[in-house]
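See structure below.
Labels below follow one simple rule: chain letters A, B, ... track the order of the sequence lines, proteins then strands, and each chain is numbered from 1.
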Amino acid sequence: MSKQYQAIIVGAGPAGSSAALTMALAGLDVALIERGAFPGEKNMFGGILHRMTSIEELMPDFWTKAPLERHIAKKGTTFLTREASFNVQHETVNFDRAPYNGYTVFRPRFDRWLAEEAVKAGATLITRSTVDDLIYKNDRIAGVSILGRAGQIKAPVVIAADGVLSFTAQKAGLRRPKFNADQMAVGVKALIDMPREMIDDRFGLVRDQGFANEFVGATSGVRGGGFLYTNYDSLSIGLVFHLASLRVSGKTPYDMLNEFMEQPQVAKLVRGGRLMEYSAHVIPEGGYNMIPELAGNGILVAGDAAALCNATGVNLEGINLASHSGILAGKTVIEAHQRQDFSLKTLKRYKERLDLSWVMKDLKGFRNAPRMLHIDRIYNEYPELVCSMMEHIYRIDGTPKVSIPKLVLREVKEKVGLKNAISDALTAWRAL
Amino acid sequence: MNIDEIFDFTSFTIDREPHIVLDTTVCAGCDNRGCTNSCPARCYTWSEEEQKMTFVHDGCLECGTCYVVCHKSAFTRWRYPRGGYGVAYRMT
Ligand SMILES: Cc1cc2nc3c(=O)[nH]c(=O)nc-3n(C[C@H](O)[C@H](O)[C@H](O)COP(=O)(O)OP(=O)(O)OC[C@H]3O[C@@H](n4cnc5c(N)ncnc54)[C@H](O)[C@@H]3O)c2cc1C
Ligand code: SF4
Ligand code: SF4
């Protein structure tokens, strides 16, 4: 096996397929290489596909063709303790009409579909193939080798879209050989089977409406958060943990996930459901400060491989950034072919393009968000504070009431400390 | 959810050839063994009695946690399985 292509894309996730689609539409002969039996087989995420404006340009009927679940019409945040919960919800008719603000999707379906769109445009999809190494000819990248297989797949340029650990970028010397556990998180998720009508009734949904809820205080004091999203006839429920915090906690992700699902108020939400699948994956949460070299001679890095994930604490955006960066990488390769120059001199245009796009602007704008998410008090003391304050406010039991400002002050002093509260508020303000 | 029953709810095509190989002598001298509690599939078990680390790759979700969490670079190999092998999600 040894075939020559005009470009190789490693990984058929959203970044890789978007790059392949872009180049195939421009007439390039590209190979999209995926280690799974089909694209998406290896991939999990929380579950919300945010607006994909860049792919809408390539494919105006994207939202009618893509295999989507419910559109997110309703968003919520819950502060959780072992006994109590305090909810904030937002719902607007503006999120209940096209263009919708986001959808739940399943990766094995969505990623497969997107890769097939690239194939329809002319890309060659090669599955069941784990890229092992880059191959060089005269000091220049000339293609890749496949693990456990003889032969090579050849091209003058490679796009590393192989996800968060990107061994391809590492082998090209573009990412540091060791990750900082402070900049990484892991998400675990249970997919819970549940009849559609039950979901509609339980979460107050009609038609194709969906609900997305984030949880603070769901991670037993470990830095992280929880999520619950509605699909047509299943729930995606899970937890995300910062690895530096998880590592020293002595707690396990599955025990904490069980505890979360058994919390009395959460238990009511998942009651009657049946576990269908359990999955886990690492997330590059370090933001702007952990972005590796994005280009080298004969190589570009896109998506999670380039740590282009925006975890602001409110939303987790990844697929939209992956797709946009893939498209920009694809455009840069098209240009490199026109010039017949695959050196960094031409390929560094990719970084310039990214810098000018919302991807880098957002990541730069939220570059301090990771610092806020490292305030340990968010994961224990603050949810306790909110829930206990609300309990005091709602409780009527024949004892004299404390005025609300006094109550807030007393609770803050007791649960967090005034100084801490002020410093945390400042950190959060700067971060957001 | 009982993690020991992971094969009942997540599918795998197990490769005999492990994709992760651990130098367990490094683990014997490790000061935190964060992998044992951090791995979402419980692939790492430390026996206090035998002072021995056991790693089983069969139920590995290929999530990447241990690769990041191990601060001792105890892996003689850490790569993804050969094409077509390993975890196989159906929905998620
Ligand atoms: C728990 C969790 C929740 C999340 N929630 C959201 C969310 O709600 N919304 C959102 O937008 N984002 C979310 N994300 C982030 C999002 O999943 C990622 O940002 C996105 O998948 C990145 O796309 P990618 O194409 O860069 O990488 P990936 O999706 O990881 O794709 C990489 C592909 O490369 C393949 N591959 C890897 N190595 C090789 C190799 N050597 N050879 C061949 N193929 C290879 C993999 O099999 C995979 O198909 C979440 C992530 C997690 C883990
Ligand atoms: S953290 Fe690394 S060295 Fe320590 S026990 Fe785990 S694998 Fe071994
Ligand atoms: S990759 Fe994830 S599931 Fe596999 S052994 Fe490492 S931590 Fe466990």
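Counting heavy-atom pairs closer than 4.5 Å to chain B, the top residue among A:Met276, A:Arg107, A:Met184 is A:Met276. For the set A:Gln183, A:Met261, A:Lys178, A:Arg109, the count of heavy-atom pairs under 4.5 angstrom toward chain B peaks at A:Lys178. For chain B, the option among A:Ala37, A:Gly250, A:Ser236 with the highest count of heavy-atom pairs below 4.5 Å is A:Gly250.
Here CG of A:Leu316 is found 5.0 Å from CD1 of A:Ile283. Values are rounded to the nearest 0.5 Å.
Within residues 57-68 of chain B, the residues that have a heavy atom under 4.5 Å from a heavy atom of chain A are B:Leu61, B:Glu62, B:Cys63, B:Gly64, B:Thr65, B:Tyr67, B:Val68, listed by number. Within residues 4-26 of chain B, the residues having any heavy atom closer than 4.5 Å to a heavy atom of chain A are B:Ile6, B:Phe9, B:Thr10, listed by residue number. The interface of residues 85-92 of chain B with chain A, defined by heavy-atom distances below 4.5 Å, comprises B:Tyr85, B:Gly86, B:Val87, B:Ala88, B:Tyr89, B:Arg90, B:Met91, B:Thr92.
Interface residue A:Leu257: only side-chain heavy atoms are found under 4.5 Å from chain B. Contacts between A:Leu246 and chain B at a heavy-atom distance below 4.5 Å involve backbone atoms as well as side-chain atoms. Neither the backbone nor the side chain of A:Phe110 comes within less than 4.5 Å of any heavy atom of chain B. At a 4.5 Å heavy-atom cutoff, A:Glu262 makes no contact with chain B through either its backbone or its side chain. Using a 4.5 Å cut-off between heavy atoms, A:Phe167 contacts chain B through its side chain alone, with no backbone atom that close.
Listed for the A:Arg35 side chain is no donor-acceptor partner under 3.5 Å among the backbone atoms of A:Arg128. A donor-acceptor distance shorter than 3.5 angstrom exists from the side chain of A:Glu34 to the backbone of A:Ala12, with no hydrogens or angles considered.
Counting heavy atoms from C-beta outward, A:Phe45 and A:His281 have side chains that stay 4.5 Å or more apart.
A:Ser129 and A:Arg149 are linked by a side-chain donor-acceptor pair at a separation below 3.5 angstrom, with hydrogens and angles left out of the test.
At a threshold of 4.0 Å, the pair A:Asp182-A:Arg223 counts as salt-bridged, since one of the basic side-chain nitrogens sits closer than that to a carboxylate oxygen.
In this structure B:Asn32 satisfies the side-chain contact (heavy atoms from CB on, under 4.5 Å) test together with A:Arg247, B:Cys30, B:His71, sequence neighbours excluded.
For NZ of B:Lys52, the number of neighbouring non-hydrogen atoms (other residues, nucleotides, ligands) closer than 6.0 Å is 12 at most.
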